[in-house]
2 protein chains.
Amino acid sequence: MDTADELRIEAPHRELLDQILDKWSLSVLNELCERPCRFNELRRAIPQVTQKSLTATLRRLERNGVIAREVVSTRPVAVRYRITPLGKTLRSPVDALLAWASQNMPAIERARQEFATREEEESSFRLER
Amino acid sequence: MDTADELRIEAPHRELLDQILDKWSLSVLNELCERPCRFNELRRAIPQVTQKSLTATLRRLERNGVIAREVVSTRPVAVRYRITPLGKTLRSPVDALLAWASQNMPAIERARQEFATREEEESSFRLER
DNA sequence: CGGTATCCGAGGCGATACTG
DNA sequence: CAGTATCGCCTCGGATACCG
């Protein structure tokens, strides 16, 4: 029942991670951790993202309370995004994960090559006989 | 150019996170951290996963060197999956992230409700006028 | 037992065009 | 400036059926 509990607990975790660790979130979070940014400022900082995806990412992050959106009613309007206190607390666990990735990238690269080699051997084995 | 560097570095990170933090990986990793498992043992432990997705998940994790697959050539064959030393090192950063999620779930829930409320107000505002 | 093969629908994401 | 709207691809994952 321990296991079953973990699995039930896990569903919201998964949903949350999907929202916070999606394709562009880390770049955005990274940028907003340094300073508050305007929309187009973020686009320039992350050139590969499209308007649509950036908007979607910002909405998701805002919805989950890790960033805040404030509108200054000038003409034309100015919009400023900034990280929230909650968002700041996300930094250290995420950084830990990225640090893990950096440190172990060589080992992972080796593992991938070995895997590819094993695959090749298998297929040539099947062909031989 | 600091920024540009970070972004170029980030691509492999993203790819890696996509492979390791995908829908079922955490459950599988969690299970294999406790003990080595047979294929169907994992299915029973994680009842919601389909054969196909479990196979795909195991292959991905194996490819990246965090789990190992060993085949015992009996009849019928027995397959055993176990966590690798590399895989074990993944635990602490992942746990940190899950701990963050658990701790802040209430705050996130509040943020979502506020967001929903703001959305409603906006749409009713537009209808009024 | 431990998988493959195939079909399918939902959703993520990009490209492009348009707007207050 | 800061978006929305639309289209279309493409991958992920579930359902189902079959296999050594």
Side-chain angles (χ1 to χ4, degrees), chain A residues 7 10-11 14-28 31-32 36-63 67-82 118-119 122-123 125-126 129, chain B residues 10-11 14-15 17-28 31-32 36-63 67-82 118-119 122-123 125-126 129:
Chain A
L7 290 171
E10 214 170 73
R14 268 250 53 84
E15 194 209 343
L16 184 57
L17 295 187
D18 283 345
Q19 307 237 329
I20 280 176
L21 298 180
D22 73 325
K23 188 167 184 191
W24 299 110
S25 293
L26 294 189
S27 304
V28 170
E31 219 57 40
L32 294 184
C37 279
R38 307 276 301 266
F39 185 84
N40 282 340
E41 218 171 332
L42 284 170
R43 286 197 71 188
R44 281 189 294 276
I46 312 166
Q48 309 94 322
V49 75
T50 59
Q51 292 139 317
K52 183 187 166 185
S53 296
L54 181 55
T55 304
T57 301
L58 290 168
R59 287 292 176 283
R60 262 194 302 273
L61 293 178
E62 188 197 358
R63 187 173 107 83
I67 70 172
R69 173 178 185 268
E70 52 193 286
V71 183
V72 185
S73 304
T74 50
R75 305 259 332 183
V77 286
V79 178
R80 185 164 300 278
Y81 293 93
R82 60 178 74 249
R118 282 201 301 278
E119 265 188 332
E122 271 173 43
S123 66
F125 174 73
R126 269 196 299 278
R129 17 187 357 223
Chain B
E10 216 170 70
R14 269 248 53 85
E15 194 209 344
L17 295 186
D18 284 344
Q19 306 235 331
I20 280 175
L21 298 180
D22 73 323
K23 188 167 184 192
W24 300 109
S25 293
L26 294 189
S27 305
V28 170
E31 219 56 40
L32 294 184
C37 279
R38 307 275 302 267
F39 184 85
N40 282 339
E41 219 171 333
L42 285 170
R43 286 196 72 188
R44 280 190 295 276
I46 313 165
Q48 309 91 325
V49 74
T50 61
Q51 292 141 318
K52 183 189 165 184
S53 296
L54 181 55
T55 304
T57 302
L58 290 168
R59 289 291 176 283
R60 262 193 302 271
L61 293 178
E62 188 196 357
R63 188 173 108 81
I67 70 171
R69 174 179 185 266
E70 53 193 285
V71 182
V72 185
S73 303
T74 50
R75 304 255 335 181
V77 287
V79 179
R80 186 165 300 279
Y81 293 93
R82 60 178 73 251
R118 282 201 301 279
E119 265 187 333
E122 272 172 39
S123 66
F125 173 73
R126 268 195 301 276
R129 14 185 1 223

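Quick note on labels: first sequence line is chain A, next is B, and so on, each numbered from 1.
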Legend entry - Rounded distance in Å - CD (A/Glu15) to C1' (C/dG11): 15 Å
Inset, instruction - Mind checking the CG-OG spacing from B/Leu17 to B/Ser25? Nearest 0.5 Å is all I need. - result: 11.0 Å
Inset, instruction - Would you indicate what A/Arg43 reaches in the nucleic acid, counting non-hydrogen atoms under 4.0 angstrom: base, sugar-phosphate, or nothing? - result: nothing
Inset, instruction - Would you classify B/Arg80 as touching base, sugar-phosphate or nothing, given that sugar-phosphate means primed atoms plus P, OP1 and OP2, and contacts are heavy atoms under 4.0 Å? - result: nothing
Polar atom pairs between nucleotides 7-9 of chain C and protein, under 3.5 Å, N or O only, would you list them?
none

Legend entry - Angle of first-five versus last-five pair axes in the helix from C/dC1-D/dG20 to C/dG20-D/dC1, to 10 degrees: 50°
Inset, instruction - Can you see which heavy atom on B/Leu58 is nearest to which on B/Val28, and at what distance? - result: CD2-CG1, 3.9 Å
Inset, instruction - Would you kindly give the CG-to-C1' distance between A/Asp22 and C/dG12, to the nearest whole Å? - result: 9 Å
Legend entry - Nucleotide range of DNA chain D lying under 4.0 Å from chain A heavy atoms: D/dC1 to D/dC7
Inset, instruction - Measure the spacing between OG1 of B/Thr55 and CZ of B/Arg60 and express it to the nearest 0.5 Å. - result: 10.5 Å
Listing, residues 73-81 of chain A side-chain donor-acceptor contacts under 3.5 Å, not counting sequence neighbours, or none:
| from | atom 1 | to | atom 2 | distance (Å) |
| --- | --- | --- | --- | --- |
| A/Thr74 | OG1 | A/Pro76 | O | 3.0 |
| A/Tyr81 | OH | A/Arg69 | NE | 3.3 |

Legend entry - Residues which pass side-chain contact (heavy atoms from CB on, under 4.5 Å) with B/Arg44, listed by chain and number, not counting sequence neighbours: B/Asn40, B/Glu41
Legend entry - Validation row: A/Cys37, A/Leu32 side chains within 4.5 angstrom (heavy atoms): yes
Legend entry - Spatial distance of atom CG (A/Leu42) from atom CD (A/Gln51) [nearest 0.5 Å]: 13.0 Å
Legend entry - Residue pair A/Arg59, A/Leu61: steps toward the side chain to side chain contact (heavy atoms under 4.5 Å, CB included) verdict: CA-CA 5 Å; A/Arg59 287 292 176 283; A/Leu61 293 178; over 6 Å; no
Legend entry - Interatomic distance, A/Arg14 atom CZ to A/Leu16 atom CG [nearest 0.5 angstrom]: 10.0 Å
Inset, instruction - Within residues 53-60 of chain B, find the residues that approach DNA chain C with a heavy atom at under 4.0 Å, and present them sorted by residue number. - result: B/Thr55, B/Arg59
Inset, instruction - By nearest nucleotide on DNA chain C, pick out whichever of A/Trp24 and B/Arg44 is the more 5' one. - result: B/Arg44
Legend entry - Flag side-chain contact, heavy atom, 4.5 Å: A/Gln48 against A/Ile46: yes
Legend entry - Inter-residue atom distance A/Glu31.CD - A/Arg43.CZ, 0.5 Å rounding: 14.5 Å
Legend entry - Rounded distance in Å - CD (A/Gln19) to P (C/dC13): 11 Å
Inset, instruction - Drop me the distance from A/Thr57's OG1 to A/Gln19's CD, to the nearest 0.5 angstrom. - result: 11.0 Å
Legend entry - Length of the line joining B/Gln51:CD and C/dT4:C1', which is rounded to integer Å: 10 Å
